[in-house]
Amino acid sequence: MSDLPKAYEPQAVEAKWYAAWIEGKCFEADPSSEKPAYSIVIPPPNVTGILHLGHVLNNTIQDVLARRARQKGMEVLWLPGTDHAGIATQAKVERELRENEKLTRRDLGRDEFLKRVWAFKDKHGDIIINQLKRLGCSCDWSRERFTMDAEYTKWVSHVFVELFKEGLIYRGKRIVNWCPVSLTALSDEEVVMTPQRSKLYFMKYEFTDAPGEFLEISTTRPETLMGDVAVAVNPKDPRHAKNIGRMVYRPFPHTPIPVIADDHVDIEFGTGALKITPAHDKSDFEIGLRHGLEIIDVLTPDGHVNCPEVPELHGLDRFVARKKAAAMLEERGLLLKVEEYENNVGFSERAHVPIEPRISMQWFLKYPCVKEAADAVATGEIQFRPERWAKTYAHWMENLQDWCISRQLWWGHQIPVWYRKDKLDDLKNAESLDTSHLSHGDLFVGVEPPADADNWVRDEDVMDTWFSSWLWPFATMTNVGEKSATLKKFHPTTDLVTGPDIIFFWVARMIMAGFRFEGELPFKNVYFTSIIRDLQGRKMSKSLGNSPDPIDLMEKYGADGLRFGLMRIAPVGSDVRFDESSVEEGRNFANKLYNACRFRQMADEIEAPTAEVGDDEVIGMANCFHVDILAKLDQLAVDLERIYGEYRFGEIAQRLYDFLWGEFCDKFLEAVKGDLRESATPEARAVTLSVFDTVMSRFLQLLHPYMPHVTEELSLRMGYLEEGEFLMQEPLPDEPVLAGLAAEEIAAEQSKAAAIYETAGRVRNLKAEYHVGSRRDVKLVVKGAVEWLSEQQQVLALLSGAGEIVLDAAYDAPKGTPVSLTPVGEIYLPLEGLIDVEAEKIRLSREIARIEQEVVRCETKLGNESFVARAPAAVVEQEKARIVEWQGKLVQLREMLAGLG
RNA sequence: GCGCGCUUAGCUCAGUGGUAGAGCACAUCCUUCACACGGAUGGGGUCGCAGGUUCGAACCCUGCAGCGCGCACCA
């Protein structure tokens with residue numbers, strides 16, 4: 001091993017092990033297993049997407065959970081797959097078509113276009129899957145699913161049909177969020193409210209019964225005023241009481257419209273008069289319904305004015321028309337003023353343009369099993385982490401709006417509804433459709449097409465992508481009408497790991513679907529990950545170019561480095577600011593681990609005898625450093641078990657890091673280095689090697705979920721496992737390493753080790769103070785040494801960098817010899833006349849002053865009767881002990897100062 | 001407008017009542033036979049502000065401020 005490179009090179013190792021795990025079928029779940037089940041379904045990434053850091057965090061957490069569960073003896077299913085991502089995928093293909101062939105999807109026709117999308121999916125669909133594999137994800141790839149698989153599509157249709165029969169799905173003309181670019185309706189969740197700097201136009205409409213008298217109105221959208229059918233005022237508004245029931249002239253087309261009264265109008269806002277455009281505003285639409293007003297649509301689907309009566313505006317883009325309309329008002333002397341104004345405008349989540357509220361015929365769903373779904377989270381049957389998201393969920397569940405599930409797209413699950421050809425026009429124009437039409441035979445709703453298909457025409461729309469995603473936990477496990485062995489074993493799933501940004505889109509809807517179609521919750525725990533931002537706190541996005549490519553990071557630092565680095569900084573509650581240096585630290589950690597093992601291998605190559613020491617004998621021969629590290633390992637295992645239960649992934653990473661680096665390498669390895677030299681006794685060598693192996697083999701196991709590749713590699717290299725065995729399949733041992741040793745004995749040994757470590761630190765800092773920190777030949781004299789110090793004298797010399805340590809109870813220190821009070825005695829550092837006496841005097845005086853202050857502080861505290869009476873006894877004792885300690889030190893320091901003259 | 005978070009060292013963040021912590025960055029030293037992707041030492045914080053509870057508050061309570069995020073029919 002010593003001929004290997006000094007630094008760990010992860011790339012080849014990681015590829016090798018991933019292939020080996022696949023070859024060994026390590027990820028495949030067995031539904032017939034006797035072991036308890038543990039399951040996760042992956043949040044399916046977009047099939048044509050590419051991996052970003054959010055995916056890395058999310059999937060690393062899932063992999064950690066899955067791998068840990070396997071170690072805990074569970075039968076694990078991590079079910080992977082991809083989502084067809086209707087709008088996103090269709091838009092990509094349309095763009096490619098436009099750029100390469102100057103064609104639109106309509107030029108190709110539906111069938112041909114869909115062929116193109118499938119081809120695109122086949123070409124790009126594996127990219128993100130392969131990226132997940134590169135990351136080391138232990139998904140059961142034999143069960144990979146896609147939301148448009150034939151069987152999955154059946155589920156989607158089946159669910160539609162069932163909910164339609166139940167009367168929860170209906171069709172109707174409503175105001176929907178219309179995207180003028182994608183040319184489809186969107187759900188409320190797909191609209192992002194964005195503050196905009198816009199203009200508020202104040203205009204006046206003339207009363208028909210009083211020429212020269214005007215009603216003042218403000219609006220942000222003058223381009224829609226051709227669709228005005230009324231002006232509304234609040235009935236409680238005294239300013240307008242006299243106006244209710246009168247008529248005013250809409251400027252263009254010049255037509256009288258009524259002034260009506262409606263509670264919705266805010267008296268405080270502007271002039272208290274609101275123009276009503278039912279076709280282009282949701283609340284206007286509702287007011288229109290209440291008052292039986294006409295609906296005049298003056299915009300085309302792609303956001304252009306459609307109003308031949310006003311030729312100046314007809315055909316203009318909506319934003320061009322806005323300026324033009326304002327100019328026209330001004331020409332007519334009807335524009336009073338224009339103010340700068342900030343308001344919230346809904347933007348299309350995908351197309352990034354303002355959505356248009358638009359009347360159109362769409363399919364809607366009234367959510368099923370709302371109460372069960374709300375209760376499941378409220379009662380804690382489904383546990384949210386962090387818990388506060390439960391409140392967000394509850395709020396949404398209490399204010400559910402019907403879900404617009406139809407999309408005017410081609411890529412997706414086509415609505416399983418057929419219309420009779422001869423009734424097509426009637427049906428398409430009908431205001432609404434309900435289940436009664438089913439029996440009339442004009443409408444056919446079914447998973448399979450009607451038998452006499454030639455007489456029917458299928459609804460052209462497809463369903464919202466989330467209408468398939470919400471079935472993911474069970475539709476990936478079983479076919480319609482079956483209860484597969486997989487479903488029986490693994491549903492409900494154990495943990496769901498996802499981002500809080502899709503709590504409404506996905507999480508809430510899955511819970512409802514789970515209750516409705518499987519009669520049970522879909523998962524028991526939901527862990528919401530942090531949102532990853534850049535160092536400026538901005539979201540990662542392609543357009544900002546602030547999103548590092550995880551593949552590049554893995555090339556540079558290894559998948560294990562990326563995983564560990566990201567997990568270590570991922571906080572439980574809030575967002576995380578990403579910096580590449582954290583990944584670098586992950587890489588460094590893997591390297592540290594690798595080198596610790598390399599050190600062990602090199603020790604084997606030294607030609608020095610090793611005694612045969614049986615496992616049982618090791619503990620008996622162990623010194624305090626051995627016992628100490630073994631005890632810390634046991635403690636680590638116990639702590640990790642608890643922290644896993646709390647899903648505190650960052651803390652787990654931190655504990656692993658601190659143990660390996662701080663305890664194992666910095667302390668333990670340094671303390672036992674002497675045991676591995678040729679000069680050491682065979683027994684000491686044997687015991688130390690044995691302890692090393694015990695700790696390292698168990699530590700590799702504990703670290704494995706976070707850094708699967710390097711731990712697997714080292715377990716084999718170090719001989720902890722045979723060729724053909726996998727660390728990922730090794731169950732975690734239940735027994736502590738030190739099970740056979742009494743707690744008091746462990747504590748006694750640990751306190752010795754702690755004393756030596758602390759003493760070494762004090763000596764090093766004493767050396768540094770006198771600028772001999774790098775010298776390893778200094779002589780130390782210990783006065784008043786604890787009786788056991790002679791046993792560990794060599795180790796202390798090694799750790800503190802001393803050439804010689806002399807125990808001398810009667811040592812008479814030369815004047816000004818630096819001294820440190822340590823847990824093992826007074827340690828002097830004779831400087832052989834090299835010190836600057838004056839500087840030393842100043843240093844001592846400062847130290848004395850500082851300690852005196854400490855003593856005063858403690859005494860004041862102890863003089864406080866309330867403190868003594870109310871504080872726990874242990875705390876009071878601690879304070880007292882502290883004073884004794886400080887005073888002892890003061891005596892020493894004053895003597896030293898006096899000694900200097 | 002309502003709700004939820006956050007505010008601790010230059011940066012990123014731990015720390016849920018008992019003497020303020022880590023990593024990075026910084027400074028000095030060390031190319032000592034696991035590791036410079038390393039080792040040693042050190043400087044650096046009135047824990048956002050103001051009150052309150054308590055013997056004792058970064059931590060609990062109440063206000064306030066700043067930042068961020070949700071939700072909402074302000075034209």
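A, B, ... follow the sequence lines: proteins, then strands. Residue 1 opens every chain.
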Student: Produce a footprint string for nucleotides 29-37 of chain B: one letter per nucleotide, 5' end first; B if the base is under 4.0 Å from any protein heavy atom, S if only the sugar-phosphate is, - if neither.
Tutor: SS-B-BB-B
Student: How far does the C1' atom of B:rA9 sit from the matching atom of B:rA72, given to the nearest Å?
Tutor: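 Looking at atom C1' only, B:rA9 and B:rA72 are 41 Å apart.
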Student: Looking at A:Phe599, I'd like to know if the NZ or CZ of A:Lys673 sits under 6.0 Å from its six-membered ring centre while staying within 45 degrees of the ring's axis.
Tutor: yes
Student: Would you please name every residue forming a side-chain contact (heavy atoms from CB on, under 4.5 Å) with A:Pro10, sequence neighbours left out?
Tutor: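 Scan of A:Pro10 (side-chain contact (heavy atoms from CB on, under 4.5 Å), adjacent residues dropped) gives A:Tyr8, A:Glu14.
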Student: Please list, by residue number, the residues of residues 277-284 of chain A whose heavy atoms come closer than 4.0 Å to an atom of RNA chain B; answer none if no residue qualifies.
Tutor: A:Ser283
Student: Out of B:rC74, B:rG42, B:rG68, which has the shortest distance to the side chain of A:Asp266?
Tutor: B:rC74
Student: If the condition is salt bridge (Lys or Arg N to Asp or Glu O under 4.0 Å), which residues does A:Glu340 pass it with, not counting sequence neighbours?
Tutor: A:Lys199
Student: I'd like to check the side-chain contact (heavy atoms from CB on, under 4.5 Å) partners of A:Ala374; sequence neighbours left out, ordered by chain and number.
Tutor: A:Met397
Student: Specify the separation, in whole Å, of atom CG of A:Asp501 and atom P of B:rC71.
Tutor: 11 Å
Student: Would you please test A:Thr224 and A:Lys275 for side-chain hydrogen bond (donor to acceptor under 3.5 Å, both in side chains) and show each step?
Tutor: CA-CA 10 Å; A:Thr224 62; A:Lys275 76 186 194 71; 3.3 Å; yes
Student: Pick the P atom in B:rU8 and in B:rU46, then give their distance to the nearest Å.
Tutor: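 To the nearest whole Å, 13 Å.
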Student: Considering only the P atoms, how many Å lie between B:rC71 and B:rG10, rounded to the nearest integer?
Tutor: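 Here B:rC71 and B:rG10 have their P atoms 36 Å from each other.
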Student: Taking NZ from A:Lys199 and C1' from B:rA75, how many angstroms apart are they, rounded to a whole number?
Tutor: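 It works out to 17 Å between those atoms.
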Student: If the C1' atom of B:rC67 is compared with that of B:rC60, how far apart are they to the nearest Å?
Tutor: 24 Å
Student: Any chance you could encode RNA chain B as dot-bracket? Rule is Watson-Crick or G-U wobble with both distances under 3.5 Å; [ ] for pairs crossing earlier ones, | for another strand.
Tutor: ((((((((.[[[[.)..(..]]]].(((((.......))))).....[[[[[..)....]]]]])))))))....
Student: How far does the C1' atom of B:rU62 sit from the matching atom of B:rA57, given to the nearest Å?
Tutor: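 Between the two C1' atoms, the distance is 15 Å.
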Student: Under a 3.5 Å cutoff, is there a donor and acceptor pairing between the side chains of A:Arg509 and A:Tyr367?
Tutor: yes
